[in-house]
Asks: 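The structure that follows is given in the form of structure tokens.
Hydrogens, waters and symmetry mates are skipped; everything else that's a heavy atom, side chains included, is used. Note that this is a predicted model, so its numbers are computed, not measured.
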Amino acid sequence: MLILAIETSCDETSVAVVQDGRKVLSNVVLSQVEVHAVFGGVVPEIASRRHVEAIGGLTQEALKKAGVDKKELDAVAVTVAPGLIGALLAGLSFAKAYAFGLGIPLIPVHHHMGHIAANYIAFPQLEPPFSCLVVSGGHTIFADVPAYNQAEVLGQSRDDAAGEAFDKIARALGLPYPGGKELDRLASQADPAVPSLPFPRPKFDDAPLDVSFSGLKTAVINFLHNQSQKGIEPDLPLLSRSLHEAIIDMLVPRAFEAAKLRNRNTLAVAGGVAANSHLRKALADRAEREGVNLYLPPLWLCGDNAAMIGCAGYYAYQNGVVADLSQNAQAVLPLSQQV
Ligand code: KG4
Ligand code: ZN
């Protein structure tokens, strides 16, 4: 089965051709990072317009790279939620027209089912059930994946996502957008002899698998003000390492707890923040200590891409999920509700 997949939920326009779920014949990604960097974050209206401009040409390119004629396509899969509403609509409108024109099914895909499915592409032997830590720019979720087309949210962030915390703090530090990658690099340069800064690690007694990252941003900003009042130049590598330690302390134990809660011995990781080298190391160390099978996708499958949407779309279609032309996009849609 040949699926044309489209992803436009945020600031990457991506089109892929995926065969039988896991074989990626092509995956083209056009990042808008440079356009948004001037503003220090994604400007939704600009993102939508850029998607509209790029999507046609990228589709031609994806088909050409895959060596596939559009008449050979069996279905079109597209991200319909969650994300920036205008950005989602740009991809969905194109996908609808393309599927209608070719007379083939349209498959609606939840963006996070896509992130989870990135693991199926990277690891041919991986099959549900397993546990999955989804860490992106917009969401932080401890999920259980009992079947290809199901996910249960066991815990999540009550406010900012981990990626959002990285990006907002990087911005407060005057680092270029997107800041996660830059903070990752800085943390590696911290002096191991200097003790870390005590940033908060909030807990919720009523929901032990929930996390909160918004307080981190305030703590970092207060720390910066304090330093500047004393005329001290902040030690950015130390600050970044301390920030990583707080985020990792909140994410890693809960990811393993969530797996235990559903008796899973396999833990997969998904989303843009899964590219973070310190988080990857902390997860790998703990997985080795606890004898848990850990799946960490390669970096090209962590960030937003259409290949993962094609893969998730394939499994959704196997489970009878198809959309008609009344399909809408949704800015917010809990992972457990699917599409
Ligand atoms: O999954 P993704 O590409 O987009 C969303 O669905 O949100 O994730 C983007 C997020 C951004 O917040 C970005 O700063 C973060 O992933 N990110 C990283 C790293 N690379 C990307 N965060 C920490 N360390 C990294 N190396
Ligand atoms: Zn994403």
Side-chain angles (χ1 to χ4, degrees), residues 10-11 33-34 36-44 133-142 155-255 257 271-283 285-286:
C10 190
D11 61 345
V33 159
E34 281 168 25
H36 301 290
V38 213
F39 303 98
V42 180
V43 182
L133 167 64
V134 184
V135 266
S136 72
H139 296 79
T140 302
I141 300 169
F142 304 96
Q156 60 191 323
S157 176
R158 294 201 174 182
D159 39 57
D160 292 355
E164 202 174 349
F166 275 127
D167 294 343
K168 285 180 175 169
I169 290 168
R171 191 172 170 176
L173 297 175
L175 299 172
Y177 169 85
K181 208 168 160 185
E182 190 63 17
L183 286 167
D184 185 347
R185 193 183 58 77
L186 273 173
S188 310
Q189 297 169 1
D191 181 349
V194 181
S196 296
L197 308 164
F199 289 137
R201 290 142 167 84
K203 282 185 180 147
F204 298 98
D205 290 338
D206 57 330
L209 291 180
D210 276 3
V211 285
S212 160
F213 293 109
S214 73
L216 265 180
K217 191 182 52 192
T218 316
V220 171
I221 291 171
N222 285 345
F223 173 78
L224 288 174
H225 284 165
N226 204 278
Q227 297 279 96
S228 97
Q229 276 161 1
K230 291 180 189 154
I232 304 170
E233 197 59 37
D235 178 343
L236 293 191
L238 173 69
L239 199 151
S240 181
R241 188 189 71 202
S242 311
L243 173 69
H244 273 80
E245 285 170 0
I247 291 180
I248 285 169
D249 271 358
M250 283 191 267
L251 292 179
V252 175
R254 285 177 179 80
E257 270 310 306
V273 183
N276 185 271
S277 64
H278 309 281
L279 175 63
R280 292 171 83 91
K281 188 175 180 309
L283 287 162
D285 288 349
R286 183 144 178 168

Asks: Would you mind checking if K281 and D184 are paired as a salt bridge, meaning a charged N to carboxylate O distance below 4.0 Å?
Replies: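 The answer is no: the pair does not qualify as a salt bridge.
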Asks: Does the side chain of R241 come within less than 4.5 Å of S196's, by heavy atoms?
Replies: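 In short, these two side chains touch, coming nearer than 4.5 Å.
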Asks: Measuring only between side-chain heavy atoms, which start at C-beta, is S212 closer than 4.5 Å to F204?
Replies: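 Touching, per the 4.5 Å side-chain cut-off.
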Asks: Is D11 reaching over with its side chain to a backbone N or O of V42, donor-acceptor style, under 3.5 angstrom?
Replies: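 Checked: no pair found.
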Asks: Treating S240 as the side-chain partner and L236 as the backbone partner, does any N or O pair qualify as donor plus acceptor under 3.5 Å?
Replies: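 Not confirmed, S240 side chain does not pair with L236 backbone.
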Asks: With no hydrogens and no angle check, is any side-chain donor or acceptor of T140 less than 3.5 Å from a backbone partner on A162?
Replies: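 Side chain of T140 to backbone of A162, a donor-acceptor pair under 3.5 Å: yes, one is there.
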Asks: What are the two closest non-hydrogen atoms of F199 and L243, and how far apart are they?
Replies: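 F199 and L243 have their closest heavy atoms at CD1-N, 3.8 Å.
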Asks: Do any N or O atoms from the side chain of D160 and from the backbone of A165 form a donor-acceptor pair under 3.5 angstrom?
Replies: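 No, because the side chain of D160 does not come within donor-acceptor range (under 3.5 Å) of the backbone of A165.
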Asks: Counting only heavy atoms from other residues, nucleotides and ligands, does the tally under 6.0 Å from CG of D206 exceed 12?
Replies: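 Yes.
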Asks: Provide the closest heavy-atom pair for A172 versus I221 in the form atom of the first, atom of the second, distance.
Replies: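 Taking A172 first and I221 second, the nearest heavy atoms are CB-CG1, 4.1 Å.
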Asks: Any side-chain heavy-atom pair from Q156 and R254 closer than 4.5 angstrom?
Replies: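 Not in contact.
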Asks: Give the minimum heavy-atom separation between P178 and V33, together with the two atoms involved.
Replies: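 So the minimum-distance heavy-atom pair works out to CD-CG1, 3.8 Å.
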Asks: Looking at CZ of R280 and CG of D285, how far apart are the two atoms once the value is rounded to the nearest 0.5 Å?
Replies: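 One gets 13.0 Å once the value is rounded to the nearest 0.5 Å.
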Asks: Within the distance-only criterion (no hydrogens, no angle test), does the side chain of R158 pair as donor or acceptor with the backbone N or O of D210 below 3.5 angstrom?
Replies: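 No: the side chain of R158 does not pair with the backbone of D210.
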Asks: Is the shortest distance from a Lys or Arg side-chain nitrogen in E182 or R185 to a carboxylate oxygen in the other one below 4.0 Å?
Replies: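 So E182 pairs with R185 through a salt bridge.
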Asks: Any side-chain to backbone donor/acceptor pair from R286 onto V252? Under 3.5 Å, distance only.
Replies: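 No; judged by distance alone, with no hydrogens or angles, the pair does not exist.
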Asks: Distance check, rounded to the nearest 0.5 Å: L183 atom CG versus L239 atom CG?
Replies: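 Rounded to the nearest 0.5 Å, the CG-CG separation comes to 8.5 Å.
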Asks: Any donor-acceptor pair under 3.5 Å linking the side chain of R201 with the backbone of I247?
Replies: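 Such a contact is absent between R201 side chain and I247 backbone.
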Asks: For residues V134 and F142, determine if any side-chain heavy atom of one lies less than 4.5 Å from a side-chain heavy atom of the other.
Replies: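 The answer is no; the side chains never approach within 4.5 Å.
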Asks: So, do P200 and L216 sit near enough that their side-chain heavy atoms are less than 4.5 Å apart?
Replies: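 Yes - at least one pair of side-chain heavy atoms lies under 4.5 Å apart.
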Asks: Hey, does the side chain of E164 reach the backbone of A161 with a donor-acceptor pair shorter than 3.5 angstrom?
Replies: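 Judged by distance alone, yes, a pair lies under 3.5 Å.
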Asks: For a 4.5 angstrom cut-off between non-hydrogen side-chain atoms, does N226 reach I232?
Replies: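 Side chain of N226 against side chain of I232, heavy atoms only: no contact under 4.5 Å found.
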Asks: Quick one: pull up CG in N222 and OG1 in T218 and give me the separation to the nearest 0.5 Å.
Replies: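 It comes to 6.5 Å.
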Asks: With a 4.5 Å cut-off on side-chain heavy atoms, are P202 and M250 touching?
Replies: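 Yes, close enough: below the 4.5 Å cut-off.
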Asks: Search all heavy atoms of A282 against all heavy atoms of I248 and return the closest pair with its distance.
Replies: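 Closest approach of A282 to I248, heavy atoms only: CB-CG2, 3.5 Å.
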Asks: Dump the intermediate steps for side-chain contact (heavy atoms from CB on, under 4.5 Å) on F166 and L175, then the final yes or no.
Replies: CA-CA 11 Å; F166 275 127; L175 299 172; over 6 Å; no
Asks: Cationic tip of R171 within the cone over Y177's six-membered ring, i.e. under 6.0 Å and within 45° of the normal?
Replies: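 So R171 doesn't make the cation-pi contact.
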Asks: How long is the straight-line distance from NZ of K217 back to CD1 of I169, given to the nearest 0.5 Å?
Replies: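 I169 CD1 to K217 NZ: 8.0 Å, rounded to 0.5 Å.
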Asks: Return the CG to CG distance between L173 and L186, rounded to the nearest 0.5 Å.
Replies: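 Rounded to the nearest 0.5 Å, the CG-CG separation comes out at 8.5 Å.
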Asks: Hey, what's the ring geometry for H278 with H244, parallel, tilted or perpendicular (30° and 60° as the breaks)?
Replies: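 If you compare the ring of H278 with that of H244, the planes turn out perpendicular.
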Asks: To the nearest 0.5 Å, what is the distance between CD1 on I141 and CG on L133?
Replies: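 One gets 9.5 Å once the value is rounded to the nearest 0.5 Å.
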